[in-house]
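To keep things clear, I will list the structure first and then write my remarks on it.
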Amino acid sequence: MTRATHSKSFIAATVLAAIILAACGGTASDPTVVTPDVFVGADGVAIDGADPSRIVTLSGDLTEFVFELGLGPSVVATDVTTVAPAEAVALPKAGIGRFLTAEGVLKHDPTLVIGDVQTAPVSAIEQIRAAGVPVAILDVPTSFTGLADKVGRLGVLLDKTAEASELNRRMQAEIAAASVPDGTPADPLRVAYVYTRGPDVMLLFGAGMTTDPVITAAGGIDAGVEAGVDGNIPVTPEALASAAPDVIVVPSEGYAVLGGYDGLMAIPGFAATPAGVNGAILAYPEGDFLTFGPRIAASIDLLAADLASLAATP
Amino acid sequence: MTGSSSKRHTLAWFAVGLALLVVVLVGSLMIGAFSIGIGGTMRWMTGTGSPDDVAGRVLWSIRLPRVLGAAVVGAALAAAGAALQGTFRTPLADPHLLGYSSAAGVGAAFGFALTPPGSYPMLPVVLSALIGLLFGLATVALRTRTGTDRFLLSGVAFGFALLAWTGIFVLLVDSPRVPTFLFFVFGSLAATTWKTLIVATVAVVPALFVIWHHARGLDLLSLGNAEALALGFDTRRLVPVIVAAVGVAVGASVVLGGVVGFVGLLVPYVLRPLVGPTHRILIPAAAIGGAILVVVADTFARTVASPAEIPLGLITAALGGPFLGWLLLRRSPA
């Protein structure tokens with residue numbers, strides 16, 4: 001889970017910003033108008049006139065977006081992080097998007113492969129391209145504006161710009177509805193997201209992770225960001241002490257592996273946090289809470305409700 | 001054994017070896033995550049398959065460079081092992097064990113970090129070969145100062161240190177251009193493209209030719225420095241040339257397949273009883289044998305856990321580790 005820091009994506013974003021400003025100064029703040037004619041990937045590789053008849057998606061959020069844009073029937077394989085929709089989960093798997101092999105993808109005979117800047121290794125992407133199959137590389141956004149931009153780009157790539165605009169309108173409305181209004185609650189809870197798959201993998205998320213905008217929208221303060229965490233860092237007692245979260249959010253899969261609350265508290269540093277003292281641990285399925293996709297408003301909704309009920313209990 | 005019968009004997013082994021290499025190359029082409037099978041491979045090889053179908057694309061752009069890359073890595077490492085064993089007069093000399101591969105890995109990692117994705121990996125090969133070469137010359141200096149066991153152990157120690165430096169570098173740069181640390185510990189041919197294959201092969205082939213060209217000198221060196229000198233060979237000139245060629249061959253192989261252990265140890269040891277200790281024969285035989293071993297090992301690496309892969313070096317170490325242990329135990333105490 002490296003943070004998406006790409007100089008090329010920065011260039012692409014700059015170019016995009018210039019296009020937006022040139023096109024319509026008045027609506028530059030409306031992310032749904034981002035519609036350049038040709039898809040330019042976050043790695044700088046442009047794809048013009050993609051053939052979306054056989055699509056392989058390499059990340060769960062990308063799968064969900066492609067289905068939302070109406071191209072679900074064209075998806076022939078997904079990566080293992082896809083948890084929704086049900087039709088997609090049933091599809092063959094092309095491997096793990098972060099540990100790709102070219103043959104694992106090519107054996108599904110795709111006409112278009114859609115990945116993101118976290119798709120790795122880069123050599124596998126090059127091999128797939130060398131085999132004549134275009135690979136579209138999307139950004140991994142860490143803000144709702146970035147999310148809308150991603151959908152807009154997918155719309156251009158898949159020639160579904162109208163559908164993308166519609167999806168963006170719906171998503172932004174849902175996010176707005178789920179978000180807690182600015183300034184409330186008056187005394188927001190400090191929320192830390194700790195990614196775990198068991199005792200061996202324990203990461204504290206901070207700035208530049210998709211959990212940050214979700215926590216903020218749900219009315220919390222991202223304790224990882226507050227503690228100065230950029231991207232994610234291995235959990236240490238020091239890091240937890242400095243984050244001092246009132247609430248700790250964990251993936252429910254990893255939480256179960258640890259043995260729930262008692263298991264988490266047995267790990268040095270957790271019991272001393274306010275969240276540990278008060279038993280304020282929230283566990284959400286990884287594929288839902290960490291998929292920065294079309295269902296993100298539901299995650300905000302869920303977290304906002306849980307934070308409100310935690311705030312209500314003294 | 002008369003001269004002509006031994007010659008026929010050797011030629012027979014070469015014929016068998018080359019035939020086996022062709023068989024494993026074609027076999028390896030057929031097997032993979034994407035099922036092509038014998039029919040598809042044959043159609044494609046005979047030019048009757050469609051150039052646009054997915055099978056053709058997988059074969060041409062992924063599997064063929066990879067299978068040939070495995071052969072080049074195996075040939076380089078096994079021939080390098082045979083050359084080092086002759087030079088240092090111990091069957092335990094091996095480019096991995098002596099730290100050559102880890103040294104080359106430092107250069108490769110550095111070169112990769114400075115190479116844009118998709119370009120020819122010139123810089124990685126140059127740096128990897130250069131550091132491999134310099135490390136090789138350093139081991140020559142070590143060899144003249146100490147006995148065999150300490151010499152080998154010092155190689156292991158330096159290898160670990162260089163591996164650690166590579167690891168620190170890889171983790172600090174955290175660049176998608178640089179392969180993961182695993183590549184520098186257990187190797188992998190998964191990233192092989194025509195570009196890496198071409199650049200590495202251009203370095204490996206002349207280096208192996210240089211080694212082979214000095215086969216007679218290697219024969220004398222394996223008898224001992226004094227004997228070689230008595231026969232009119234200037235070992236002070238010969239040894240650096242051979243070791244430098246080994247450094248270049250190993251360096252280029254590391255760019256292609258990462259750090260792969262035990263090939264240089266295993267192959268010459270198995271082949272010596274079959275083709276004899278003469279380096280003019282042993283070096284090319286080891287190259288063919290190494291190619292066969294690594295092609296087979298890599299086929300396992302990419303198919304056992306398909307569509308995921310297991311590192312190539314795990315397969316060679318799983319075979320070679322016990323072999324090294326056995327080799328050490330059966331040697332009479334020095």
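First the proteins, then the strands, lettered A, B, ... as listed; each starts at 1. As the structure is a prediction and not an experimental result, all values here were calculated from the model.
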Whether over 12 other heavy atoms sit under 6.0 Å from [X] [atom1]:
| X | atom1 | result |
| --- | --- | --- |
| B/Y120 | OH | no |
| A/F99 | CZ | no |
| A/D288 | CG | yes |
| B/F110 | CZ | no |

Exercise for review: Applying salt bridge (Lys or Arg N to Asp or Glu O under 4.0 Å), name anything that partners A/D79, two or more places apart in sequence or on another chain.
Suggested key: none
Check your understanding: Hey, are the side chains of B/V58 and A/K107 touching, using non-hydrogen atoms and a 4.5 Å cut-off?
Key -> no
Between atom [atom1] of [X] and atom [atom2] of [Y], what is the distance when rounded to the nearest 0.5 Å?
| X | Y | atom1 | atom2 | result |
| --- | --- | --- | --- | --- |
| B/R302 | A/E103 | CZ | CD | 5.5 Å |
| B/S61 | A/I128 | OG | CD1 | 10.0 Å |
| A/T101 | B/I62 | OG1 | CD1 | 8.5 Å |

Practice item. Please list, chain by chain and in numerical order, all residues satisfying ring pair (Phe, Tyr, Trp, His ring centres under 6.0 Å) with B/F135, sequence neighbours excluded. Key: B/Y100
**Study point:** residues 187-195 of chain B: residues contacting chain A (heavy atom under 4.5 Å, by number)
**Key:** B/A190, B/A191, B/T192, B/T193
Exercise for review: Select one option (side chain, backbone, both, neither) describing which atoms of A/V105 are under 4.5 Å from chain B's heavy atoms.
Suggested key: neither
**Study point:** Qualifying side-chain hydrogen bond (donor to acceptor under 3.5 Å, both in side chains) pairs with a residue from residues 126-137 of chain A, counting only residues at least two apart or across chains
**Key:** A/D43-A/R129
